[in-house]
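These notes are about the structure you will find just below.
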Amino acid sequence: MLGLAAVAVLLLSKANATDNYKIDPAHTSVGFSVRHMGVSNVKGHFDEFVGSLVLDNGSIQEATATIQVKSVNTGIEKRDNHLRTADFFEAAKYPEITFKTKRVEKSGDQTILIGDFTMRGVTKEVRLPVTLSGPVKDPQGNTRIGLEAKTTVNRKDYGMKFNAVMETGGLMVGEEVTIEINAEAVKGA
């Protein structure tokens with residue numbers, strides 16, 4: 001009987017140590033940057049997304065995210081409409097970009113999420129280094145954490161092959177795309 005009680009206490013302490021968080025879209029940005037004509041970086045972001053995190057004793061154990069491709073926003077409507085076409089995201093056929101962790105690695109203070117990143121129907125494993133901050137209590141009494149992450153993907157790996165060679169020999173649109181996430185997540189939301 002004492003053994004069963006000990007197991008129950010361990011299971012309850014484990015359950016209490018695991019916390020579920022939902023991304024707060026009002027305080028989160030999911031952005032990207034790509035080289036344009038070899039002279040500047042064009043930046044954009046997505047306006048519609050959801051995500052969740054599972055933490056165990058303050059360490060990320062799971063992360064999932066879904067981005068609505070139609071919400072791509074670079075501030076230039078003509079460019080955004082082009083990005084939604086088959087030249088780039090093909091939003092009508094592939095309306096979502098997703099990420100789901102497969103495992104988590106720790107390297108010193110650095111946490112790296114290794115997960116499946118799916119865009120345009122192609123799934124590739126990506127490494128997403130993240131930095132957590134918090135937790136803190138907000139004025140409404142909710143527990144919040146912050147998350148910062150940055151990685152690079154090659155757009156051609158996901159079937160985004162549109163490009164033009166300029167007369168100088170450079171490419172109109174770079175192949176490497178930097179993805180940057182600055183997020184707040186709310187516990188138990």
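What you find for Ala91 and Val69 is that their closest heavy atoms are CB-CG1, 3.6 Å. Smallest separation of non-hydrogen atoms from Glu184 and Arg144: OE1-NH1, 3.0 Å.
When atom types are taken as modelled, the side chain of Arg120 and the backbone of Phe88 share a donor-acceptor pair closer than 3.5 angstrom. Here the side chain of Thr101 pairs a donor or acceptor atom with the backbone of Ala63 at under 3.5 angstrom.
Looking only at side-chain heavy atoms (C-beta outward), Val186 and Lys22 stay at 4.5 Å or farther from each other. Counting heavy atoms from C-beta on, the side chains of Glu62 and Thr64 never come closer than 4.5 Å. Between Leu147 and Ile60 the shortest side-chain heavy-atom distance falls below 4.5 Å. Looking only at side-chain heavy atoms (C-beta outward), Met119 and Phe89 come within less than 4.5 Å of each other. No side-chain heavy atom of Thr143 sits less than 4.5 Å from a side-chain heavy atom of Asp19.
Evaluation of the salt bridge (charged side-chain N to carboxylate O under 4.0 Å, His left out) rule for Glu105 yields Arg103, Arg127 as partners, not counting sequence neighbours.
Lys102 NZ: more than 12 foreign heavy atoms inside a 6.0 Å radius. When the shell of 6.0 Å around NZ of Lys106 is examined, it contains more than 12 heavy atoms from other residues, nucleotides or ligands. More than 12 heavy-atom neighbours from other residues, nucleotides or ligands sit within 6.0 angstrom of CD on Gln110.
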Give the table of side-chain donor-acceptor pairs shorter than 3.5 Å for residues 162-172, with sequence neighbours excluded, one pair per line with atom names and distance.
| unit_1 | atom_1 | unit_2 | atom_2 | d |
| --- | --- | --- | --- | --- |
| Asn163 | OD1 | Met172 | N | 3.2 |
| Asn163 | OD1 | Val173 | N | 2.9 |
| Asn163 | ND2 | Val173 | O | 2.7 |

Return all side-chain donor-acceptor pairs below 3.5 angstrom for residues 34-50, not counting sequence neighbours, or 'none' if the list is empty.
| unit_1 | atom_1 | unit_2 | atom_2 | d |
| --- | --- | --- | --- | --- |
| Arg35 | NH2 | Gly38 | O | 3.2 |
| His45 | ND1 | Asn73 | O | 3.4 |
| His45 | NE2 | Asp47 | OD1 | 2.9 |
| Asp47 | OD2 | Asn73 | ND2 | 3.1 |

_With side chain to side chain contact (heavy atoms under 4.5 Å, CB included) as the criterion, how do Phe99 and Leu113 come out once you've worked through the C-alpha distance, each side chain's angles and the decisive distance to 0.1 Å?_
CA-CA 10 Å; Phe99 176 83; Leu113 305 180; 4.1 Å; yes

